[in-house]
Student: 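Just dropping this structure here.
All values below were derived from every heavy atom in this structure, side-chain atoms included, with hydrogens, water molecules and symmetry-related copies excluded.
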Amino acid sequence: MLHILTIHFKDKWVDIQKEQLKKYVSEEYKVYTRLGENYEVHKDKFDGALDGQGHWTESMGLLLKFIHENAKSGDKVLLLDSDAFPIAPISNFLDEKIKEYPFVSCQEPEHEWDNTRKIPHPMFMMFDAKHILEGDIESYLNTKMDDGTGTWWGGLIQWLNKNNYKYYPIERSNKTNLHPLYFGIYEDLIYHHWAGSRKMITRPDRRRAQKSGEDLDKIAEENHNISESVFEQIKNQLDTFMDYLMGKYEGEYE
């Protein structure tokens, strides 16, 4: 059984994510969420739902109750951002990787200040439920822990290091890049929009502003406009747009 925890601060990705999970997860799974808006509209679309907003660590701490109530050791837990979802069959891939690695995660060095740190990112993290039910990962999930570089999920890095665990990194595989960080394809299996529910300024944008002298608010507006266009493509022709990002679409594309 796969237990998926996802946090929807905004509700624009709820149905897209739901449909992609249904399409590409072949094993039995359940999805639990915290809904930041339109709770009554969406709550019954999930196997468990909580109302409200809060930092990722606070929300994840609350959602972990669903793992204690429903999971058993040997089940898998997947932490998934609201604007992330599979774009190809993923169950066999995950089963193979979790046999070899205790932790599987997307990796995005572009998100880091120095562009070199290759650390797991909570947009997509998977591990055995035993680490919650029998281990100590829970305290590293529900608490902000800076690892010294401004990364609030540094506790998970500490947990990996403490247990001497290696993780499998799912790396960006775009052939077409509309932005160095946003609109990412990972190992041709997962899409992550990035900043899909907040102001579109992340570290690549700050590096750009420092280098060029451009105004950050103008960069954010540019990113927002591209994001809205991408979101419309995803709503209307998701598979074709993913092929475009992966370099598989041979026709003209706008």
Student: Are L78 and Y24 connected into the same hydrophobic cluster when the rule is that any two of I, L, V, M, F, W, Y join if their side-chain heavy atoms are below 4.5 Å apart?
Tutor: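 Hydrophobic grouping puts Y24 apart from L78.
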Student: With a 6.0 Å cut-off (strictly less than), is the heavy-atom count around CD of E221, excluding the residue itself, greater than 12?
Tutor: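 Not more than 12 within 6.0 Å, no.
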Student: As an exercise, state the distance from CZ of F9 to OG1 of T33, rounded to the nearest 0.5 Å.
Tutor: 9.5 Å
Student: Does Y186 have any ring-ring contact (aromatic ring centres under 6.0 Å, His included) partners at least two apart in sequence or in another chain, and if so, which?
Tutor: none
Student: Measure the spacing between CD of E37 and NZ of K12 and express it to the nearest 0.5 Å.
Tutor: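 It comes to 10.0 Å.
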Student: Would you say the side chain of I7 lies within less than 4.5 Å of the side chain of L79, judging by non-hydrogen atoms?
Tutor: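 They are not in contact (no side-chain heavy atoms under 4.5 Å apart), so the answer is no.
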Student: Should the pair E40-K43 be classified as a salt bridge under the 4.0 Å nitrogen-to-oxygen rule?
Tutor: yes
Student: Looking only at heavy atoms, which two atoms of R34 and S59 are closest? And how far apart?
Tutor: NH1-OG, 3.0 Å
Student: Would S227 and H193 count as a side-chain contact (heavy atoms from CB on, under 4.5 Å) if you check the C-alpha gap in whole Å, the side-chain angles of each, and the deciding distance to 0.1 Å?
Tutor: CA-CA 8 Å; S227 175; H193 194 80; 2.7 Å; yes
Student: Apply ring-ring contact (aromatic ring centres under 6.0 Å, His included) to H55 and list each qualifying residue two or more places apart in sequence or on a separate chain.
Tutor: W152
Student: Is any side-chain heavy atom of Q17 closer than 4.5 Å to one of L80?
Tutor: yes
Student: Taking all non-hydrogen atoms of both residues, which atom of L133 and which atom of S73 are closest, and how far apart?
Tutor: CD1-N, 3.6 Å
Student: Answer yes or no: does atom CD of E28 have more than 12 heavy-atom neighbours from other residues, nucleotides or ligands under 6.0 Å?
Tutor: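 No, the 6.0 Å shell around CD holds no more than 12 heavy atoms from other groups.
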Student: Give the intermediate values and the outcome of salt bridge (charged side-chain N to carboxylate O under 4.0 Å, His left out) for residues K45 and D15.
Tutor: CA-CA 9 Å; K45 298 176 181 179; D15 292 330; 2.8 Å; yes
Student: Taking C106's backbone N and O only, do any of them form a donor-acceptor pair with Y167's side chain (distance below 3.5 Å, no angle check)?
Tutor: no
Student: Out of curiosity, I4 CD1 to F124 CZ, how far, rounded to the nearest 0.5 Å?
Tutor: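 Between atom CD1 of I4 and atom CZ of F124 there are 8.5 Å.
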Student: Are any non-hydrogen side-chain atoms of W56 and L141 less than 4.5 angstrom apart?
Tutor: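 Yes. Closest side-chain heavy atoms under 4.5 Å.
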Student: Taking only residues two or more places apart in sequence, or in another chain, which ones meet M242 in a side-chain contact (heavy atoms from CB on, under 4.5 Å)?
Tutor: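 In terms of side-chain contact (heavy atoms from CB on, under 4.5 Å), with neighbours along the sequence ignored, M242 is linked to F85, I87, I185, Y191, I234, L238, L245, M246.
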Student: Closest heavy-atom contact between I67 and H3?
Tutor: CD1-CB, 3.6 Å
Student: When rounded to the nearest 0.5 angstrom, what distance separates CD1 in I170 from CE in M123?
Tutor: 8.5 Å
Student: Which residues pass the side-chain contact (heavy atoms from CB on, under 4.5 Å) test with Q158, sequence neighbours left out?
Tutor: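 Q158: side-chain contact (heavy atoms from CB on, under 4.5 Å) contacts with Y140, M145.
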Student: Under a 3.5 Å distance rule, please check whether S26 uses its side chain to pair with a backbone N or O of S91 as donor and acceptor.
Tutor: no
Student: If we only count heavy atoms from C-beta on, is the P120 to M125 side-chain gap below 4.5 Å?
Tutor: yes
Student: After noting the C-alpha distance and the side-chain angles of L35 and V14, does the key distance pass the side-chain contact (heavy atoms from CB on, under 4.5 Å) rule?
Tutor: CA-CA 9 Å; L35 294 164; V14 167; 4.2 Å; yes
Student: Does a side-chain heavy-atom distance below 4.5 Å link E222 with N225?
Tutor: no
Student: Using the ring-ring contact (aromatic ring centres under 6.0 Å, His included) criterion, which residues pair with H179? Sequence neighbours excluded.
Tutor: Y182
Student: If the condition is side-chain contact (heavy atoms from CB on, under 4.5 Å), which residues does A88 pass it with, not counting sequence neighbours?
Tutor: L189
Student: Check whether the side chains of H192 and D81 place a donor and an acceptor atom closer than 3.5 Å, and report yes or no.
Tutor: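 Yes, D81 and H192 have a side-chain donor paired with an acceptor closer than 3.5 Å.
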Student: Would you name the heavy atoms of P86 and L21 that are closest together and state the gap between them?
Tutor: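 Smallest interatomic distance, heavy atoms only, reads CD-CD2, 3.7 Å.
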Student: Taking all atoms of both residues into account, what is the closest heavy-atom pair of P169 and E187, and its distance?
Tutor: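 So the minimum-distance heavy-atom pair works out to O-OE1, 4.0 Å.
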Student: Applying ring pair (Phe, Tyr, Trp, His ring centres under 6.0 Å), which residue pairs with at least one partner in residues 200-237 are found, sequence neighbours left out?
Tutor: W13-F231
Student: Does N223 reach the side chain of I219, with side-chain heavy atoms less than 4.5 Å apart?
Tutor: yes
Student: Could you give all pairs that pass the salt bridge (Lys or Arg N to Asp or Glu O under 4.0 Å) test and reach residues 169-181, with sequence neighbours left out?
Tutor: E108-R172
Student: Please check: side-chain N/O of D215 versus main-chain N/O of K218, any donor-acceptor pairing under 3.5 Å?
Tutor: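 Looks like yes, one N/O pair under 3.5 Å.
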Student: Scan for salt bridge (Lys or Arg N to Asp or Glu O under 4.0 Å) pairs involving residues 231-240, sequence neighbours excluded, and state none if there are none.
Tutor: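 Pairs touching residues 231-240 that pass the test: K23-D239, E232-K235.
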Student: Any side-chain heavy atom of M60 within less than 4.5 Å of one from N142?
Tutor: no
Student: Step by step, would you call K18 with K22 a side-chain contact (heavy atoms from CB on, under 4.5 Å)?
Tutor: CA-CA 6 Å; K18 179 175 178 288; K22 180 180 178 181; 5.6 Å; no
Student: Give me the ring orientation class for W159 and F127: parallel if the planes are under 30° apart, tilted from 30 to 60°, perpendicular past 60°.
Tutor: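 Ring orientation of W159 relative to F127: tilted.
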Student: If you define the side chain from C-beta out and look only at heavy atoms, does anything of F183 sit under 4.5 Å from F241?
Tutor: no
Student: Over all heavy atoms of both residues, which pair between A129 and A71 is shortest? Give the atoms and the distance, please.
Tutor: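 In this case the closest contact between A129 and A71 is CB-CB, 4.1 Å.
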Student: Taking only residues two or more places apart in sequence or in another chain, which ones pass side-chain hydrogen bond (donor to acceptor under 3.5 Å, both in side chains) with N163?
Tutor: none
Student: Mind telling me whether F66 and Y32 have parallel, tilted or perpendicular rings, with 30° and 60° as the class edges?
Tutor: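 Judged by the thresholds at 30° and 60°, the geometry between Y32 and F66 is parallel.
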Student: Looking at R208 and D205, is any side-chain nitrogen of the basic one under 4.0 Å from a carboxylate oxygen of the acidic one?
Tutor: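 Between R208 and D205 there is no salt bridge, as every charged N stays at least 4.0 Å from the carboxylate O atoms.
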Student: Can you pull the salt bridge (Lys or Arg N to Asp or Glu O under 4.0 Å) pairs that have at least one residue in residues 127-137, sequence neighbours excluded?
Tutor: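 The answer is D136-K162.
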Student: List in chain and number order the residues that pass side-chain contact (heavy atoms from CB on, under 4.5 Å) with K76, two or more places apart in sequence or in another chain; answer none if no residue qualifies.
Tutor: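 With sequence neighbours excluded, K76 shows a side-chain contact (heavy atoms from CB on, under 4.5 Å) to L2, E27, D95, I98, M126, given in chain and number order.
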Student: Can you tell me how far apart CG (L63) and CD (E58) are? Round to the nearest 0.5 Å.
Tutor: 10.0 Å
Student: Which value, rounded to the nearest 0.5 Å, describes the distance between Q210 atom CD and L216 atom CG?
Tutor: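 Those atoms lie 8.5 Å apart.
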Student: Is there a continuous path of hydrophobic side-chain contacts, each under 4.5 Å between heavy atoms, that joins Y165 to W153?
Tutor: yes
